[in-house]
Amino acid sequence: MPAAAAPIISSVQKLVLYETRARYFLVGSNHAETKYRVLKIDRTEPKDLVIIDDRHVYTQQEVRELLGRLDLGNRTKMGQKGSSGLFRAVSAFGVVGFVRFLEGYYIVLITKRRKMADIGGHAIYKIEDTNMIYIPNDSVRITHPDEARYLRIFQNVDLSSNFYFSYSYDLSHSLQYNLTVLRMPLEMLKSETTQTRQESFDIFEDEGLITQGGSGVFGICSEPYMKYVWNGELLDIIKNTVHRDWLLYIIHGFCGQSKLLIYGRPVYVTLIARRSSKFAGTRFLKRGANCEGDVANEVETEQILCDASVMSFTAGSYSSYVQVRGSVPLYWSQDISTMMPKPPITLDQADPFAHVAALHFDQMLQRFGSPIIILNLVKEREKRKHERILSEELVAAVTYLNQFLPPEHTIIYIPWDMAKYTKSKLCNVLDRLNVIAESVVKKTGFFVNRPDSYCSILRPDEKWNELGGCVISTGRLQTGVLRTNCVDCLDRTNTAQFMVGKCALAYQLYSLGLIDKPNLQFDTDAVRLFEELYEDHGDTLSLQYGGSQLVHRVKTYRKIAPWTQHSKDIMQTLSRYYSNAFSDADRQDSINLFLGVFHPTEGKPHLWELPTDFYLHHKNTMRLLPTRRSYTYWWTPEVIKHLPLPYDEVICAANLKKLIVKKFHKYEEEIDIHNEFFRPYELSSFDDTFCLAMTSSARDFMPKTFGIDPSPFTVRKPDETGKSVLGNKSNREEAVLQRKTAASAPPPPSEEAVSSSSEDDSGTDREEEGSVSQRSTPVKMTDTGDSAKVTENVVQPMKEVYGINLSDGLSEEDLSIYLRFVQLGQSQHKQDKSSQQFCSRCPDGVIKFLCMQEGEFRWILRNLIYVICRSLPC
């Protein structure tokens with residue numbers, strides 16, 4: 001079934017801010033610079049924000065004429081040519097928002113961006129740099145002594161650290177929601193288009209559609225899910241006065257993408273983490289939940305799998321799986337004034353009717369459907385009660401709430417003391433987690449936008465037939481979600497989420513017809529690539545909430561981590577403790593100010609004078625709530641009617657009001673994602689076209705030797721892989737840290753630089769891994785029967801694969817080209833052999849010295865010593 005609509009692409013992607021003494025003029029255009037919009041910002045108001053949108057779409061010539069008239073009209077003397085009346089202040093890529101403290105308003109602009117991922121041709125960008133500009137001019141400015149301090153606190157939120165946006169893809173929603181909206185029935189889209197035209201903001205938007213006989217394509221834009229939007233408060237003041245294309249919503253969390261190459265077929269694995277902006281903060285200062293059911297450290301993680309050979313949402317193959325982490329939904333906290341590594345856990349309020357947990361799970365039922373599965377990883381047996389306090393209260397809350405839910409939609413509670421199993425020498429932690437992951441994925445299912453492949457009918461699998469979720473004519477829907485928590489929701493939670501994601505990834509690959517069984521083993525290129533992506537994800541989230549990277553990783557629980565990892569774990573623990581003790585309070589103030597939790601007001605206490613921010617996040621302490629929810633019917637009635645489907649994805653009147661539907665011409669730029677991505681009529685550079693350098697399984701993980709099965713699903717020994725398995729990357733530690741934090745790192749190096757550095761370090765990595773692998777757990781190899789099947793699948797007739805039989809004969813020109821490349825390959829093979837002989841002659845100290853160099857300097861030194869060693873006697 002073809003998609004009924006296309007997502008609307010924002011027509012404001014490039015901005016230029018022009019300045020006069022009385023006004024700012026913000027000129028925005030689409031990427032092709034064929035359509036322009038203009039905002040006029042008054043600079044004569046000392047404390048108010050006056051913005052005028054003239055509601056007209058300009059051409060390039062019209063904008064030039066407009067700016068020329070403004071320049072001429074703002075000169076000090078008419079006809080004066082020496083001085084300009086209109087100054088170009090700054091160029092930008094989007095508006096983060098407007099903010100005011102005690103003086104006038106500031107405008108925050110995105111001045112640098114970097115492409116991080118691509119989903120169906122829709123680019124996802126990371127903010128690299130911003131510019132904050134004060135709007136009122138100096139003649140009307142009313143100064144305040146505390147303005148500079150508020151500005152400094154606001155700028156402590158580093159917008160260049162893990163903030164993401166997209167001009168055409170809604171990052172606040174899941175892929176399942178975005179594609180479900182695009183597949184709405186045409187009849188509903190027509191009715192919504194009629195209402196949108198009547199309420200249209202732009203009086204020129206629908207011109208010309210009638211002359212085309214009503215033919216065109218429906219464009220859809222949905223309202224963002226404000227829980228995961230971090231600049232909602234900054235845009236709130238202009239939301240109802242400007243065109244929607246000026247509103248650029250950003251999320252905070254993590255975004256990473258890697259390429260899985262399956263015999264030349266590119267498959268993109270994308271990981272997106274959305275951090276909640278409700279009850280947001282740092283580790284010890286934000287625990288539990290607030291009075292509205294929002295929990296601390298709540299992050300929604302979505303893994304997206306797509307066949308990159310077909311870009312379109314309509315014709316391409318896309319699959320996703322969503323899981324959630326968050327603090328235990330109770331009123332609890334930890335007192336950090338005692339300066340203890342593990343402050344005691346205290347329950348702040350008694351909640352016998354689980355009121356706050358009911359609010360939290362009602363939100364989850366509305367967004368994800370049922371079943372809601374809780375994986376609780378906190379300790380259950382302790383000499384002195386610490387984490388067990390949370391387990392007992394959570395069990396009581398879930399037991400109480402399940403009394404009133406229908407039996408088929410009850411909350412599933414899975415307690416598992418992960419720390420206890422980790423200490424045991426007899427138990428394998430990841431095997432137990434794998435069993436839990438299988439049962440979870442079978443209950444929730446996953447999303448895929450195409451019907452089951454014919455290969456699954458030819459080769460049926462028992463696990464596939466037991467899969468849950470909702471099966472529809474166009475594919476499958478995920479119903480329900482896994483909610484994982486420990487105390488901090490960092491180390492243990494990330495490992496558990498990785499195991500569940502690994503299990504879901506196997507089902508996703510199977511649904512797209514890429515593997516013959518929904519099962520993935522460790523020590524394959526695909527799992528190593530996915531593990532690296534999840535470790536980057538865990539490190540980034542841990543830095544945001546805890547102040548340090550992960551302490552315990554997947555390799556720690558597999559018990560294959562090198563002995564040097566223990567010293568790194570100690571350093572990460574000390575870094576986390578220092579951050580929690582000395583810098584978290586300032587970070588919390590910055591987050592409260594940035595998110596609009598605290599509004600500076602003249603005559604009231606300042607932010608730094610408040611003894612606590614408890615009253616800011618718990619609104620019921622400042623005023624009585626208008627209505628009290630039922631203790632028994634604790635859910636929203638509309639939500640329970642449509643279970644197991646999530647209410648947010650149900651086609652109903654309430655959800656249709658959240659959509660903006662507009663009809664476009666077939667080749668209109670606002671809905672033509674092909675032109676937006678490829679830009680066929682534009683002269684572009686290679687740096688801009690290929691700016692996204694992602695990790696590739698073939699380049700970074702596949703062995704470089706010949707005769708090895710290139711499949712990313714083949715189990716390899718530690719010394720066979722093209723990249724270090726045990727994580728011993730001392731020579732590239734700084735580069736790895738920059739990539740993992742993904743904060744203010746420079747653009748990634750070229751593919752040649754990455755591949756050359758991995759080849760240079762491979763010898764050292766293998767030598768150092770050899771001694772460690774003897775102490776590690778044995779690698780599980782595939783059976784001979786399975787390997788035989790793989791070999792049969794690899795060797796296919798040439799005619800069937802390429803559509804041509806090479807035995808028919810080649811032309812003389814093709815044959816000469818082939819012979820040239822054969823000679824090049826042979827000469828390269830000889831050069832590799834000679835370099836291996838050189839390495840055997842060189843002392844170990846020289847080799848280590850070479851591995852420590854970087855870039856061209858390392859390459860020059862290597863060749864220089866190679867020449868010297870060739871002249872030495874054997």
Side-chain angles (χ1 to χ4, degrees), residues 2-14 29-35 93-94 113-126 164-183 217-222 245 248-249 251 255-261 265-272 302-320 447-450 474-475 508 512 662 664-682 684-694 696:
I8 298 177
I9 304 170
S10 174
S11 62
V12 178
Q13 300 187 22
K14 295 180 178 179
S29 71
N30 58 357
H31 197 281
E33 297 184 1
T34 56
K35 294 183 178 181
F93 297 102
R113 67 183 183 184
R114 176 151 60 102
K115 188 176 179 181
M116 296 297 295
D118 181 273
I119 302 176
H122 301 269
I124 298 175
Y125 296 96
K126 174 181 173 292
Y164 306 92
F165 67 92
S166 176
Y167 298 112
S168 55
Y169 184 81
D170 189 353
L171 288 172
S172 65
H173 284 291
S174 64
L175 179 72
Q176 176 172 315
Y177 176 90
N178 290 332
L179 294 192
T180 301
V181 167
L182 296 181
R183 293 179 179 273
V217 177
F218 291 103
I220 292 185
C221 178
S222 61
D245 286 350
L248 186 65
Y249 296 101
I251 67 166
C255 179
Q257 190 171 57
S258 297
K259 183 194 295 183
L260 187 64
L261 208 61
R265 185 177 181 181
V267 176
Y268 286 173
V269 182
T270 311
L271 204 61
I272 299 176
E302 180 181 20
Q303 61 187 57
I304 299 174
L305 197 72
C306 65
D307 187 351
S309 57
V310 182
M311 189 183 69
S312 168
F313 275 155
T314 307
S317 301
Y318 294 85
S319 176
S320 72
F447 169 73
V448 63
N449 73 329
R450 52 176 280 181
T474 56
Q508 290 176 283
L512 300 184
K662 182 186 169 188
F664 292 92
H665 299 302
K666 187 176 181 181
Y667 299 107
E668 194 77 21
E669 293 172 344
E670 278 89 341
I671 50 107
D672 193 350
I673 193 63
H674 180 273
N675 273 354
E676 178 72 16
F677 183 79
F678 290 105
R679 313 192 193 284
Y681 303 108
E682 180 182 324
S684 57
S685 64
F686 280 128
D687 290 339
D688 295 335
T689 306
F690 302 103
C691 61
L692 180 58
M694 66 181 74
S696 172

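Side-chain atoms are counted along with the backbone in the values below, which use heavy atoms only and exclude waters and symmetry mates. Bear in mind that the values here come from a model prediction, so they are computed numbers and not experimental data.
Looking at E668 and K35, a side-chain N of the basic residue comes within less than 4.0 Å of a carboxylate O on the acidic one, giving a salt bridge.
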>> Apply side-chain contact (heavy atoms from CB on, under 4.5 Å) to residues S222 and Y177 and explain how you reach the verdict.
In response: CA-CA 10 Å; S222 61; Y177 176 90; 3.8 Å; yes
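S11 is linked by a side chain to side chain donor-acceptor pair (under 3.5 Å) to D245, counting only residues two or more places apart in sequence or in another chain. In this structure, Y667 has no ring-ring contact (aromatic ring centres under 6.0 Å, His included) partners at least two apart in sequence or on a different chain. Under the ring-ring contact (aromatic ring centres under 6.0 Å, His included) criterion, H31 pairs with no residue at all, not counting sequence neighbours. S319 meets the side chain to side chain donor-acceptor pair (under 3.5 Å) test with Q508; sequence neighbours excluded. For N178, the side-chain contact (heavy atoms from CB on, under 4.5 Å) partners two or more places apart in sequence, or in a different chain, are Y169, D170, H173. Residues satisfying the salt bridge (charged side-chain N to carboxylate O under 4.0 Å, His left out) test with E33, not counting sequence neighbours, are K14. Residues passing the side-chain contact (heavy atoms from CB on, under 4.5 Å) test with L248, sequence neighbours excluded: I110, F165, Y167. Applying the side chain to side chain donor-acceptor pair (under 3.5 Å) test to T180 and every residue at least two apart in sequence or in another chain returns nothing. Applying the side chain to side chain donor-acceptor pair (under 3.5 Å) test to S168 and every residue at least two apart in sequence or in another chain returns H122. Applying the salt bridge (charged side-chain N to carboxylate O under 4.0 Å, His left out) rule to D307 yields the partners R265; only residues at least two apart in sequence or on another chain are considered.
Looking only at distances, a side-chain donor or acceptor of E302 sits under 3.5 Å from a matching main-chain atom of L175. Of the possible donor and acceptor atoms, none in the side chain of T474 sits under 3.5 Å from a partner among the backbone N and O of N449.
Contact of the D118 side chain with the Q257 side chain is registered, since non-hydrogen atoms from C-beta on lie closer than 4.5 Å. Between F218 and K662, every side-chain heavy-atom pair lies at or beyond the 4.5 Å cut-off. You'll find the side chain of F313 reaches within 4.5 Å of the side chain of L179, heavy atoms only. The shortest distance between side-chain heavy atoms of N675 and P680 falls below 4.5 Å.
Residue Y125 holds its OH atom at 12.5 Å from CE of M116, rounded to the nearest 0.5 Å. Note that CD1 of I8 is 9.5 Å distant from CD1 of I671, once rounded to the nearest 0.5 Å. Annotation: the span from I304 atom CD1 to I119 atom CD1 amounts to 3.5 Å, rounded to 0.5 Å. Going from atom CG of D672 over to atom CZ of F677 covers 13.0 Å, rounded to the nearest 0.5 Å. The line from OH of Y164 to CG of L171 is 10.5 Å long, rounded to the nearest 0.5 Å. Atoms OG and CZ, from S317 and R450 in turn, are 4.0 Å apart once rounded to the nearest 0.5 Å.
C255 and I272 get closest at one heavy-atom pair: SG-CG1, 4.3 Å. Residues A117 and T270 share a closest heavy-atom pair of CB-CG2, 4.3 Å. Contact record, K115 with A123: CE-CB, 3.8 Å, taken as the closest heavy-atom pair.
No hydrogens or angles considered: a donor-acceptor pair under 3.5 Å links the side chains of N30 and E669. When only modelled atom types and interatomic distance are considered, S320 and Q176 share no side-chain donor-acceptor pair under 3.5 Å.
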